[in-house]
Amino acid sequence: MPLNPERASCHPASADRALVRGLLRWLANNARPFPWRTAPPGRRDPYVVLVSEVMLQQTQASRVAVLLPRFLDRFPSIEALAAASEDEVLALWSGLGYYRRARMLHAAARACLVQYEGRIPTDPEALQGLPGIGRYTGGAIASLAFGLPEPLVDGNVARVLLRLEGRPGVAGSPEVTRWSWKRAAELVQAAPNSAPAFNEALMELGATICTPAPRAPQCDVCPLRAGCKARQTGQSVSIPAPQPSKSLRRIYATTIVLVLSGNRTVIEQRPARGLWASLWQAPTLEHERRHCTKQEAAAALHLEAGSLHPGPAYTHRTTHREICFQVWKARVRPGHLAACLRTVVRADQLGDFGLSSAQRRILDSVLG
DNA sequence: AAGCCGGGGCT
DNA sequence: AGCCCAGGCTT
């Protein structure tokens, strides 16, 4: 008689408790110091947990470690964030990518003011009702800030759990997601009082020891190596299976950096939807198949073709786009600017605007 | 269920 | 240079 798969994956609570204990011992000596880890897990400032966890979505911790302090310095409280303009929030998010997160975080701060008297709710259901907060981020706030025994599963946790179990599956697939949350909930139930530290330990182990391909996991120093099925069967590297590759779209972008007296330049705002939505940039023309010609670029800005001088060229890659930038540079007098080019800023004011990394790099290189 | 949204680090 | 990682929302 075949085993019921649900029964076959059942774990004795005593084994789960031992696993939790092992991880907690390991975390005590191996947690990396990060700006959002200023208090023990379960007793952190909910606002700092909210901001850092939204930043950490799809973003490496080392990157967040650099940019979080600047953000918290400017917006030290949920009231300060709610009172800010969206433009300024985007400026402080510049360089982090996935800029919709910044808008939703801003909206979440305002929602907390309106609905919860400026407090961040403790209930996971209420948390998930806030913009930009899903199952993972809601669990992280409930657990790491409020100390509740809530499970949480991010990419690191899913990978660790899959390898422990020797369970194949494609990262991020619905089936893997379902199973990971169920397993994480079982483990949290095995030691509800230690849930926050346990959650953090699982994520930290995944980030530093049980690393994703192509980095080889450091199984020889893993606190869970004795009970890891993937290690026993030599499958650590092949679990989880890679996601099917996505198609890459190429875009040809022609950017014209206008230089005015006093080291000033002209910027424009991108459309509210799509790539780099609502962010600022030097005037840019985008095409599907080729760069526009020097004449086309000059005509679009009502300049003489002779006033354009070649600048740097480089390719900017994102997950599913390749943007080939061709840069032109033109010195112009303020009185000769076309009407559509009305936002003139000093080079040293560009930090006050939300710019993509690509535009930041272009403007920095041309304006010095 | 599938597609959209950046950026940086690894080998 | 090429390949990889990862939440939440929208459609």
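All figures in this text were calculated on a predicted structure; none of them were measured in a lab. Below, chain A is the first sequence line, B the second, and so on; all start at residue 1.
- Nearest to the side-chain atoms of A:His320 among the listed nucleotides C:dG7, B:dT11, B:dC4 stands B:dC4.
- The side chain of A:His316 contributes an N or O atom lying less than 4.0 Å from OP1 or OP2 of B:dG7.
- With respect to A:Glu268 and A:Arg342, no salt bridge is recorded, no charged nitrogen being found less than 4.0 Å from a carboxylate O.
- Among the protein residues, A:Ser62 comes within range of no part of the nucleic acid, since none of its heavy atoms lies under 4.0 Å from any strand.
- Nearer the 5' end of DNA chain B, as judged by each residue's closest nucleotide, is the contact made by A:Tyr99, out of A:Tyr99 and A:Ala216.
- Taking atom CZ on A:Arg317 and atom P on B:dG8, their separation rounds to 14 Å, with Å as the unit.
- Among the protein residues, A:Gly172 comes within range of no part of the nucleic acid, since none of its heavy atoms lies under 4.0 Å from any strand.
- Protein atom CD1 of A:Ile239 is 18 Å distant from nucleotide atom C1' of C:dC5, rounded to whole Å.
- In this structure, A:Tyr98 atom OH and B:dG8 atom C1' are separated by 12 Å, rounded to whole Å.
- Comparing C:dG7, B:dG7, B:dT11 by their nearest atom to the side chain of A:Thr318 picks out B:dG7.
- In this model, the phosphate group of B:dG7 is approached by a side-chain N or O of A:Ser357 to a distance below 4.0 Å at OP1 or OP2.
- Nearest nucleotide to the A:Trp276 side chain, out of B:dG7, C:dG7, C:dC4: B:dG7.
- Within the 4.0 Å cut-off from OP1 or OP2 of B:dC5, at least one side-chain nitrogen or oxygen of A:Arg321 is found.
- In this structure, A:Gln58 atom CD and B:dG3 atom C1' are separated by 14 Å, rounded to whole Å.
- Going from atom OH of A:Tyr136 over to atom P of C:dC9 covers 15 Å, rounded to whole Å.
- Each of A:Arg321, A:Arg250, A:Arg270 was scored for a salt bridge (charged side-chain N to carboxylate O under 4.0 Å, His left out) with A:Glu286, with one residue passing: A:Arg270.
- Among the atoms of the strands shown, none is found under 4.0 Å from any heavy atom of A:Arg101.
- One can place CD of A:Gln243 at 13 Å from P of B:dG3, the figure rounded to the nearest angstrom.
- Within 4.0 Å of A:Arg360, counting heavy atoms only, lies no atom of the nucleic acid at all.
- A close approach under 4.0 Å does occur between a side-chain nitrogen or oxygen of A:Arg273 and OP1 or OP2 of C:dT11.
- Between A:His316 and A:Tyr314, the ring planes are perpendicular. Angles over 60° get that label, and only those under 30° would be called parallel.
- At the heavy-atom level, A:Leu275 lies under 4.0 Å from the strands shown only through sugar-phosphate atoms.
- At a threshold of 4.0 angstrom between heavy atoms, the contacts of A:Arg215 are confined to the sugar-phosphate backbone, with no base atom among them.
- Atoms CD (A:Glu322) and P (C:dC4) sit 16 Å apart, rounded to a whole Å.
- One finds no salt bridge joining A:Glu86 and A:Arg110 here, because no Lys/Arg side-chain nitrogen approaches an Asp/Glu carboxylate oxygen to under 4.0 Å.
- Side-chain contact between A:Val54 and A:Trp93: present, with at least one pair of heavy atoms (C-beta onward) separated by less than 4.5 Å.
- Checking A:Ser173 against A:Glu175 by side-chain atom types alone, no donor-acceptor pair falls below 3.5 Å.
- Taking the nucleotide of DNA chain C with the nearest heavy atom to each of A:Pro131 and A:Asn156, the more 5' of the two is matched to A:Asn156.
- Which of C:dG7, B:dG7, B:dC4 sits closest to the side chain of A:Thr319 comes down to B:dG7.
- Heavy atoms of A:Thr211 sit nowhere under 4.0 angstrom from any nucleic acid atom.
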Going through the distances and angles, do A:Thr137 and A:Gln57 end up as a side chain to side chain contact (heavy atoms under 4.5 Å, CB included)? CA-CA 8 Å; A:Thr137 309; A:Gln57 293 169 5; 2.8 Å; yes
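- Nearest to the side-chain atoms of A:Gln57 among the listed nucleotides C:dG8, C:dT11, B:dC5 stands C:dG8.
- Listed pair A:Arg63 / B:dG8 meets the phosphate criterion, a side-chain N or O lying under 4.0 Å from OP1 or OP2.
- Between the CZ atom of A:Arg361 and the C1' atom of B:dG7 there is a distance of 13 Å, rounded to whole Å.
- Candidate nucleotides B:dC4, B:dG9, C:dT11 were compared by shortest atom distance to the side chain of A:Gln60, and B:dG9 ranks first.
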